[in-house]
Enquirer: 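One structure, as structure tokens, below. Some questions next.
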Number of protein chains: 2
Amino acid sequence: MNNKLNKAERLSYITKILVENPSKVFTLQYFSEILDCAKSTLSEDVDVIGKLLKSTNQGEIYSLAGASGGVYYAPTFTKEQMEDEKIELCKNLNDKKRIITGGYLYMNDIFYDPRKLKKIARAMVTSFLHQEIDYVVTIETKGIPLATVLAGMLNKPIIIVRKSARLTEGPTIQMNYLAGSSRTIKTMALPIRALERGSKVLFVDDFMKAGGTAKGVIDLMKEFDVKVVGVSVVMATKEPVKKLVENYYSLIELEDIDEERKTIKIYPKK
Amino acid sequence: MNNKLNKAERLSYITKILVENPSKVFTLQYFSEILDCAKSTLSEDVDVIGKLLKSTNQGEIYSLAGASGGVYYAPTFTKEQMEDEKIELCKNLNDKKRIITGGYLYMNDIFYDPRKLKKIARAMVTSFLHQEIDYVVTIETKGIPLATVLAGMLNKPIIIVRKSARLTEGPTIQMNYLAGSSRTIKTMALPIRALERGSKVLFVDDFMKAGGTAKGVIDLMKEFDVKVVGVSVVMATKEPVKKLVENYYSLIELEDIDEERKTIKIYPKK
């Protein structure tokens, strides 16, 4: 950098780099070289930014000690922000205009909007930010934008399980599974080179009914020697209470869509 | 906010909000209320941030005058950064380990990685940042993560064209089209309520050969009274030189994959 920055400019620059790269660790050495500034000064700068973000509920700055140490920005929500987001989502979804013949709910305007996904992903990711996760896994198609935004917050790649094998993706592991709600046999497929053996993944999807898809993905991951360390969906149905997966997170719960009476019952999940 | 911030903290806070919401316009009034600070002071703050980002090649801050005025962060690349990104992408792709039986190229590790997509999308979006675009359109599946990241930079929703109509998405316009390269008839479908009549969209995809898919999407959009104002793909094949769409952007060009000799020829597009 040509001109040495003053304190205000340094704070702005560091904030920019950290916020644009959530969960990515930057060493103080990195900033020290770019900004031509002592690490002790930068350490104070990062402290100021961390306190500022925390006090304004704008996420958090974490420090890692040791040789691989550094600082990173975590786009966390407070408990209150998380509850607010659930309530807003329910309000948005409990709109009878969304009801589609067959008792379905039109939700593309939410799941395909990066602005809304940013808030949803933030509410979902807060529980997983400090867990060891190598990939975010989803199954095509509707959950892909959400998985992309969420993986961006974790600074990890996504894995998209396909509904059939593709010529263009090379050798593939293909598997049949029972879609829990409709009791029909479906297929999922993933290229062999898609992920490394021994990895840990977070499975993310827009919707869960019986949990057959989530269970299928967990089984498929076993074929890759990969462990699913979390299952997180935006909305799960109240019934069946017992899902095919034991542990899962959901932001909101769908109790009922009554096509005839034009009523929808969606609540924040406790 | 409880305590009034000093200049350095103000700059950090404003940078945080702007950078986390690319292309979203914030009024000075908005910051004035949150930060309890005069608009003239904030205007100077934003100036400092804008100059800092520009001088460090970290994107730009734009101001809009008038009643709907305000400031926003644009994640632009300089020409040099754009060329660097193309070269890096070619280097990454020109790796014979990527060759798949049938003469295909394995690219999921790039197109499914938000970290790499951020740089690719940035190189693609720079030309479209100040154009009037209402939606970013793509077709399932491989281009969806890219479209999501790119739409996030434009602060717009994405539209995902499906390969068949879904019960769960309500009434749909379905259309057959000729996939240019294989001369086979394929189907694309989009829910009627997916986008507003009279909109302008940018079509984004990972790959283009003859351009049949892009042409199909342009035709489908006509059924919605929607205009495709740009076609942007990451990689296009050199042959056929004459594509089925007249104008398109691509970052890089695929000349040849020789499965037998294990050679790949991919170059930055001029």
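Labels below follow one simple rule: chain letters A, B, ... track the order of the sequence lines, proteins then strands, and each chain is numbered from 1. Note that the structure is predicted; figures quoted are calculated from it, not measured.
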Enquirer: Does any heavy atom of chain B fall under 4.5 Å from the side chain of A:A194, the backbone, both, or neither of them?
Expert: both
Enquirer: Heavy-atom count check: over 12 atoms from other residues, nucleotides or ligands less than 6.0 Å from A:K51 NZ?
Expert: no
Enquirer: Surrounding NZ of A:K96 (heavy atoms of other residues, nucleotides or ligands, distance under 6.0 Å), is the total greater than 12?
Expert: no
Enquirer: Using a cut-off of under 4.5 Å for heavy-atom pairs, which of A:E140, A:M107, A:Q58 has the most such pairs with chain B?
Expert: A:Q58
Enquirer: Identify which part of A:L18 has an atom lying under 4.5 Å from any heavy atom of chain B, answering side chain, backbone, both or neither.
Expert: neither
Enquirer: Do you know which two heavy atoms are closest between B:E20 and A:V19, and how far apart they sit?
Expert: CB-CG1, 3.9 Å
Enquirer: Chain B: which of A:V136, A:I160, A:T101 shares the most heavy-atom pairs with it under 4.5 Å?
Expert: A:I160
Enquirer: Calculate, to the nearest 0.5 Å, the distance between atoms OG1 and CG belonging to A:T56 and B:L5 respectively.
Expert: 8.0 Å
Enquirer: So which part of B:K97 gets closer than 4.5 Å to some heavy atom of chain A, the side chain, the backbone, both or neither?
Expert: backbone
Enquirer: Out of curiosity, B:T168 OG1 to A:F207 CZ, how far, rounded to the nearest 0.5 Å?
Expert: 10.0 Å
Enquirer: With chain A as the partner, which of B:Y135, B:Y104, B:Y106 has the greatest number of non-hydrogen pairs under 4.5 Å?
Expert: B:Y106
Enquirer: Evaluate the side-chain proximity of B:K118 to A:N21: yes if any heavy-atom separation is below 4.5 Å, no if none is.
Expert: yes
Enquirer: Among all residues two or more places apart in sequence or in another chain, which pass the side-chain contact (heavy atoms from CB on, under 4.5 Å) test with B:T78?
Expert: B:N57, B:E80, B:Q81
Enquirer: Measure distances from A:Y73 to the heavy atoms of chain B and classify the residue's part below 4.5 Å as side chain, backbone, both or neither.
Expert: side chain
Enquirer: Could you tell me whether A:E259 atom CD has more than 12 heavy atoms of other residues or ligands within 6.0 Å of it?
Expert: yes
Enquirer: Tell me, side chain or backbone of B:P191 under 4.5 Å from chain A's heavy atoms, or both, or neither?
Expert: side chain
Enquirer: Is a donor from one side chain sitting under 3.5 angstrom from an acceptor on the other, for A:S12 and B:T15?
Expert: yes
Enquirer: So how far is it from B:N6 CG to A:K7 NZ, rounded to the nearest 0.5 Å?
Expert: 7.5 Å
Enquirer: What's the separation between atom CG in A:N108 and atom CZ in B:R166, rounded to the nearest 0.5 Å?
Expert: 11.0 Å
Enquirer: Considering residues at least two apart in sequence or located in another chain, which fulfil the side-chain contact (heavy atoms from CB on, under 4.5 Å) criterion with A:I173?
Expert: A:I192, A:L220, A:E223, A:F224
Enquirer: Can you say whether B:L105 sits under 4.5 Å from chain A via the side chain, the backbone, both, or neither, judging by heavy atoms?
Expert: backbone
Enquirer: Out of A:L167, A:L195, A:I100, which one racks up the most heavy-atom pairs below 4.5 Å with chain B?
Expert: A:I100
Enquirer: Take B:I144 and A:T148 through the side chain to side chain contact (heavy atoms under 4.5 Å, CB included) test and state the conclusion after the steps.
Expert: CA-CA 9 Å; B:I144 300 176; A:T148 305; 5.6 Å; no
Enquirer: For chain B, which residues from residues 152-159 of chain A have at least one heavy atom closer than 4.5 Å to it?
Expert: A:G152, A:N155, A:K156, A:P157, A:I158
Enquirer: Using non-hydrogen atoms and a 4.5 Å limit, figure out which bit of B:R193 sits close to chain A: side chain, backbone, both or neither.
Expert: both
Enquirer: Of the non-hydrogen atoms in B:L53 and A:K16, which two are nearest, and what is the gap between them?
Expert: CD2-CG, 3.7 Å
Enquirer: Please rank B:L117, B:D113, B:I17 by heavy-atom pairs under 4.5 Å with chain A and give me the top one.
Expert: B:D113
Enquirer: If you round to the nearest 0.5 Å, how far is CZ of B:R162 from OG1 of A:T141?
Expert: 4.0 Å
Enquirer: Under the ring pair (Phe, Tyr, Trp, His ring centres under 6.0 Å) rule, collect the residues that match up with A:Y62, sequence neighbours excluded.
Expert: A:Y72, A:H130
